[in-house]
2 protein chains.
Amino acid sequence: MTDVKKPRRRPRSDGQRNRQQLLDVAKAAFTVGEVDIPLDEVARRAGVGIGTLYRHFPNRDALIEAVYRAELDRLAEAAPVLAAQHPPVEALRAWMRLFVDYIAAKQVIAPALNGLVGGTGALYAHSGDVLKAAVNSLVSAAIAAGEFRADIDPLDLLRALAGVSNFSAGPGWEGSAKRLVDILITGSRSSAS
Amino acid sequence: MTDVKKPRRRPRSDGQRNRQQLLDVAKAAFTVGEVDIPLDEVARRAGVGIGTLYRHFPNRDALIEAVYRAELDRLAEAAPVLAAQHPPVEALRAWMRLFVDYIAAKQVIAPALNGLVGGTGALYAHSGDVLKAAVNSLVSAAIAAGEFRADIDPLDLLRALAGVSNFSAGPGWEGSAKRLVDILITGSRSSAS
DNA sequence: GGATATACGGAGCATAACTCCGTTTAACAA
DNA sequence: TTGTTAAACGGAGTTATGCTCCGTATATCC
């Protein structure tokens with residue numbers, strides 16, 4: 001019953017190359033706002049056949065997810081680094097701001113996030129976890145240091161942050177988002193009422 | 001150049017009836033989670049031809065928007081009522097909780113919200129305004145009463161709230177969302193840090 | 001160099017969005 | 001009530017796009 005892996009052969013080099021090319025093209029398109037780009041077009045730009053695209057990514061969501069996941073992983077990786085460099089609360093604040101910056105710079109996350117939530121939700125199952133773990137560690141540290149109330153749910157903060165990404169249009173958006181980070185931090189402090 | 005209106009005739013009754021029927025069917029479908037329901041199916045359930053649907057709503061987004069807008073308007077209307085019944089901060093808290101309840105009860109908003117943000121964005125232009133006005137009045141009152149810091153942007157709170165609607169799956173979600181409301185309120189108080 | 005698993009490509013199918021236009025009907029006036 | 005007409009209807013047909021299928025090509029390994 002155990003899932004046996006028998007990698008009889010090393011994965012083919014052309015396969016990996018094409019896969020990466022597809023991801024690059026897709027990411028580039030999403031970043032420019034072409035969220036609804038036809039998959040045929042993605043394949044064309046990547047210089048591969050449509051069949052190849054579908055072999056690597058069984059459907060549109062799978063492709064978006066792959067792009068999305070890579071970005072989120074990088075964001076999550078920043079958490080431990082920040083935790084090592086700053087006191088708990090400031091580490092959290094810095095991370096949340098990074099989150100905002102990240103969304104502001106690459107439109108990948110926000111648009112990809114939408115249109116997926118309504119779908120299978122399978123994306124969140126994983127990607128959620130990796131981010132969840134990141135905030136979790138930061139918030140736990142703040143609570144352990146007595147800076148945060150013990151009843152703060154890290155997910156709450158993540159949710160609020162994700163919301164901001166939905167509105168990532170409009171001028172002055174970034175500053176607004178960073179103010180929100182401060183509100184959230186302040187509201188979570190143990191000294192607060 | 002002024003936009004002249006000459007309603008030579010009263011709008012036809014069957015037209016209005018069909019339009020309403022389409023809205024009802026669509027709302028019902030969305031509420032049950034059938035966000036991707038084919039428009040032919042919507043027309044069929046409403047007992048009208050596909051042509052009729054498209055005359056009333058030029059495309060899918062227009063239909064979703066119409067449903068969505070009606071719901072948001074109702075939510076916005078609650079703001080003045082609550083403001084009359086409670087002191088400023090509590091009115092805001094109550095309204096934000098209503099927001100959460102609303103999302104929890106009817107899945108209309110969350111799924112419809114997604115898949116539209118990535119689109120034309122025209123939806124937010126209006127619907128945003130009506131909600132914006134609602135929160136604005138509540139927050140302004142709280143600031144005027146000296147309960148909130150003067151630099152609080154009502155939109156920040158709205159954004160955070162909208163984010164929660166994205167994660168409206170998973171157990172214990174509602175309680176979590178309400179905790180977030182409290183965090184936001186606490187973080188906005190003038191007494192805080 | 002031969003065998004074979006692995007990957008490729010793109011024609012073709014299915015589905016769903018959206019258009020077009022001939023037919024029907026509600027509103028109004030005489 | 002009946003005639004006129006603007007308004008609305010319906011659904012066949014067009015187009016666009018997601019996705020499948022399978023014969024061909026090639027990287028890997030021996």
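In what follows, chains carry the letters A, B, and so on, assigned in the order in which the sequence lines appear, proteins first and then strands, with residues in each chain numbered from 1.
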Can you check the Asp61(A) CG to dT17(D) P distance for me, whole Å?
-> 17 Å
By a strict heavy-atom criterion of less than 4.0 Å, which residues belonging to residues 39-49 of chain A are in contact with DNA chain D?
-> Leu39(A), Asp40(A)
Under 4.0 Å: is that the gap between some side-chain N or O of Asn18(A) and OP1 or OP2 of dC8(C)?
-> yes
Scan Gly51(A) against the nucleic acid and name what it touches under 4.0 Å (heavy atoms): base, sugar-phosphate only, or nothing.
-> base
Over all atoms of both residues, closest heavy-atom pair of Arg19(B) and Phe57(B) | NH1-CE2, 3.8 Å
salt_bridge(Asp151(A), Arg179(B)) N-O dist < 4.0 Å = no
Smallest separation among heavy atoms of Val100(B) and Ala177(B), with atom names | CG1-CB, 3.6 Å
5'-most contact on DNA chain C (nearest-nucleotide basis), Gln16(A) vs Tyr54(B), goes to Gln16(A)
Write down the atom of Ala94(A), the atom of Leu82(A), and the distance for their closest heavy-atom approach.
-> C-CD1, 4.0 Å
Atom-pair distance (CZ on Arg55(A); P on dG18(D)), nearest Å = 18 Å
Atom CG of Leu63(A) and atom C1' of dC19(D): how far apart are they, to the nearest Å?
-> 14 Å
What's the CG-P distance between Leu53(A) and dA7(C), to the nearest Å?
-> 15 Å
Any His56(A) side-chain N or O less than 4.0 Å from OP1/OP2 of dC8(C) = yes
Atom CZ of Arg60(A) to atom P of dT17(D): distance rounded to whole Å?
-> 10 Å
Review item, nucleotides 24-26 of chain C N/O atoms under 3.5 Å of protein N/O:
from    : atom 1 : to       : atom 2 : distance (Å)
dT25(C) : O2     : Arg12(B) : NH1    : 2.7
dA26(C) : O4'    : Arg12(B) : NE     : 3.4

Does a side-chain N-to-carboxylate-O contact under 4.0 Å join Asp182(A) and Arg97(A)?
-> yes
Ignoring backbone atoms, test whether Arg10(B) places a side-chain nitrogen or oxygen under 4.0 Å from the OP1 or OP2 oxygen of dC28(C).
-> yes
To the nearest 0.5 Å, how far apart are CG in Leu158(A) and CE in Met96(A)?
-> 8.0 Å
Protein-nucleotide distance (Ile37(B), atom CD1; dT15(C), atom P), rounded to Å = 16 Å
Does Leu98(B) share a hydrophobic cluster with Ile185(B), counting links as ILVMFWY side-chain heavy atoms below 4.5 Å and allowing steps through other members?
-> yes
Any ion pair linking Glu77(A) and Arg74(A) (charged N to carboxylate O, less than 4.0 Å)?
-> no
Please report, rounded to the nearest Å, how far the C1' atom of dT17(D) is from the CG atom of Asp36(A).
-> 11 Å
Contact summary for Leu180(B) and Asp156(A), nearest pair of heavy atoms = CD1-O, 3.7 Å
Specify the separation, in whole Å, of atom CD of Gln21(B) and atom C1' of dC9(D).
-> 13 Å
